[in-house]
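These numbers come from a predicted model, not from an experiment. One-based numbering, in listed order, for ligands and for the atoms of each.
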Amino acid sequence: MGVGTSTFRVAVVGAGPSGLYAADALAAREEAPRFEVDIIDRLPVPFGLVRYGVAPDHASIRSVRDTLEAVLDRPGVRFLGNVPVGGSGGVITAQELRDCYDAVIWTYGASRDRRLGIPGEDLAGSVAATDLVAWYTGHPDADEHFSSFLPSRQRAVIVGVGNVAVDVARILAKTPAELAPTDMPPHVLETLADTDVRQIHVLGRRGPAWASWTTKELRELGELADADVVVDPADLVLDPASESAIAGDRLIARNVEVLRAWSHREPRGARRTLSLHFGVRPVELVEGPPGSVSGVRIERTAPDGTGSWRGTGETSVIEADLVVRSVGYRGVPIDDLPFDDAHGTIHSDAGRIRPGEYTAGWIRRGPSGIIGTNKKCALGAVDALVADATDGLLPHPAPDRIDRLLAERGVSVVHTEGWRAIDRAERELGAARGVERTTISDHTALLRAAGL
Ligand code: NAP
């Protein structure tokens with residue numbers, strides 16, 4: 001790619017929504033300063049959490065891929081997949097990357113789980129939602145032990161009442177027929193068809209007004225083909241702070257309304273029971289067979305009048321052979337990036353780390369918001385970059401040597417054509433079973449499909 005003195009070369013690290021939105025905004029500029037963008041991802045495929053986070057049965061949300069895909073066709077934009085940056089597995093360090101470009105935007109998201117910090121958290125059978133989601137979406141680095149482990153599970157507890165908890169509960173509760181139209185890899189569909197979790201308990205440590213799920217997602221739990229949703233009316237007795245939250249927020253009011261309707265419903269005798277609990281926090285994962293979880297000790301909580309909920313000392317145990325910790329994602333540092341370890345985010349001033357280096361998306365602000373939130377966040381980083389380029393603060397022009405460097409290191413880079421070949425292969429696999437797509441989960445198979 002040619003480098004003119006008026007065209008800045010930018011590396012965007014992470015091909016999820018925030019990276020693609022940032023690349024789009026930079027490449028779309030028709031006035032100076034202008035930009036050429038390399039979107040670099042450690043995986044051979046783009047889309048980040050749209051591919052590996054959004055639930056496979058949420059086709060309408062996943063369809064944002066079509067919009068994001070178009071960014072790869074913009075003149076001046078390249079995709080460089082299969083290029084891990086930094087850390088022990090990196091093929092190039094953060095500093096080497098900086099040296100190859102006029103600017104870098106870090107948009108690599110938050111891929112790790114937050115911890116509960118309670119005894120028993122590491123017992124076999126206790127898993128992070130992030131790992132389970134990675135497995136059922138066909139992430140190449142997924143922990144494949146789920147395939148042998150899930151079919152023997154019957155009683156699940158999911159900790160947390162956010163949208164990821166709802167996704168996990170729904171996927172575990174769906175019938176094979178409900179999952180069949182998704183793009184989940186065949187081994188995932190087979191494993192879930194063999195899995196017969198009868199009891200699913202979802203735990204909220206505060207009252208129902210404070211759950212962070214959205215109403216549309218919550219409602220779907222009541223529409224499952226073979227699962228009864230159970231809510232204890234006693235969990236829906238509200239304190240004054242919850243009442244005023246409901247009065248002031250339609251989303252909260254709707255959520256509680258949905259729960260109230262369920263609390264009056266008679267169970268239909270469905271194969272699975274999905275129980276939503278509020279005002280309980282896990283205090284220990286109980287060990288049953290040596291090294292394995294057999295239950296979750298929970299403690300009742302109550303509002304303390306200051307807006308917080310505290311343990312009451314009243315405990316009980318919910319039996320469980322699968323515990324899914326769904327209490328949020330966190331980002332991890334890359335090399336020498338200034339990192340806020342408490343929040344799992346990169347330090348920045350509204351997206352500017354320093355002139356020439358920027359950040360956006362979950363790695364900037366933490367795991368919150370909907371996909372569209374990342375557009376605004378990405379535009380913030382782009383505005384800062386454009387301002388710095390205009391003010392002459394970028395070390396322009398940087399040497400155009402990334403391709404040579406990666407070739408010297410023997411990296412099999414997946415470019416846009418390679419991704420398109422993977423896309424075709426996945427669509428063909430899907431067509432063979434009458435669905436739109438089947439995700440290829442194996443890393444080697446992805447590279448082979450890309451023609452590498
Ligand atoms: P989240 O919305 O932050 O929910 C985390 C949940 O974990 C909260 O209920 C939180 O309770 C609870 N929690 C945290 N620490 C806990 C602890 N020590 N013990 C017990 N509970 C604890 O996070 P998420 O569900 O991972 O979702 C991440 C983001 O992705 C959100 O913005 C979400 O909306 C989005 N997302 C959207 C969709 C969709 O639109 N369909 C799907 C998936 C994800 P407290 O509130 O009490 O802290």
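Between Ile298 atom CD1 and Ile318 atom CD1 the span is 4.0 Å, to the nearest 0.5 Å. Interatomic distance, CG of Leu123 versus CG of Asp321, reported as 12.5 Å (0.5 Å rounding). The OG1 atom of Thr175 sits 11.0 Å away from atom CZ of Arg271, with the distance rounded to the nearest 0.5 Å.
Residue Arg206 holds the heavy atom nearest to atom 47 (O) of ligand 1 of all those in Arg206, Arg114, Arg330, Arg325. When the heavy atoms of Lys216, Arg205, Glu217 are ranked by distance to atom 20 (C) of ligand 1, first place goes to Arg205. When the options Ser212, Ser308, Ala211, Ser326 are ranked by their closest heavy atom to atom 3 (O) of ligand 1, first place goes to Ser212. The heavy atom nearest to atom 28 (C) of ligand 1, considering only Gly207, Pro367, Ser368, Ala129, is found in Pro367.
Within the structure, the closest approach of Ile370 to ligand 1 does not fall below 4.0 Å when heavy atoms are considered.
Side-chain contact check for Arg433 and Thr438: at least one donor-acceptor pair (N or O, by modelled atom type) lies under 3.5 Å. Counting only N and O atoms by type, the side chains of Asn255 and Thr215 include a donor and acceptor under 3.5 Å apart. Between the side chains of Arg310 and Thr301, not a single donor N or O lies within less than 3.5 Å of an accepting N or O.
The shortest heavy-atom contact between Val202 and Ala169 is CG2-CB, 4.2 Å.
Atom CZ of Arg112 is surrounded by 12 or fewer heavy atoms from other residues, nucleotides or ligands within 6.0 Å.
Interface of Leu116 with ligand 1, defined as ligand atoms under 4.0 Å from a residue heavy atom, comprises 17 (C), 18 (N), 19 (N). The ligand atoms of ligand 1 that sit less than 4.0 angstrom from a heavy atom of Ile61 are 41 (N).
For atom 34 (O) of ligand 1, the closest non-hydrogen atom on the protein side is Asn163 ND2, 3.1 Å. Shortest contact from atom 27 (O) of ligand 1 to any protein heavy atom: Val164 CG2, 3.6 Å. Atom 23 (O) of ligand 1 has Gly328 CA, 4.2 Å as its closest protein atom, hydrogens excluded (heavy atom only). The closest protein non-hydrogen atom to atom 22 (C) of ligand 1 is Val327 CG1, 3.3 Å.
Residue-level proximity to ligand 1 for Asp167 is carried by the side chain, the only part with a heavy atom below 4.0 angstrom. Contact annotation: for Val166 versus ligand 1, there are no heavy atoms closer than 4.0 Å. Neither the backbone nor the side chain of Thr214 comes within 4.0 Å of ligand 1, counting heavy atoms alone.
For a threshold of 3.5 Å applied to N or O pairs, the pair formed by Val161 and ligand 1 contains at least one separation below that value. In terms of N/O distances under 3.5 Å, ligand 1 is not approached by Trp362. For ligand 1, the polar-atom distance check finds no N/O of Pro282 at less than 3.5 Å from any of the ligand's N/O atoms. Some N or O of Gly369 is nearer than 3.5 Å to an N or O of ligand 1, by distance alone.
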Stepwise ring-ring contact (aromatic ring centres under 6.0 Å, His included) test for Trp419 and Phe47: CA-CA 11 Å; Trp419 151 243; Phe47 307 131; 5.5 Å; yes
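Checked against side-chain hydrogen bond (donor to acceptor under 3.5 Å, both in side chains), Arg114 has no partners two or more places apart in sequence or in another chain.
Counting only residues at least two apart or in different chains, side chain to side chain donor-acceptor pair (under 3.5 Å) contacts with residues 372-383 comprise Arg365-Asn374.
The side-chain heavy atoms of Leu224 and Glu178, taken from C-beta on, include a pair separated by under 4.5 Å.
For atom 10 (C) of ligand 1, the nearest protein heavy atom lies 4.0 Å or farther away.
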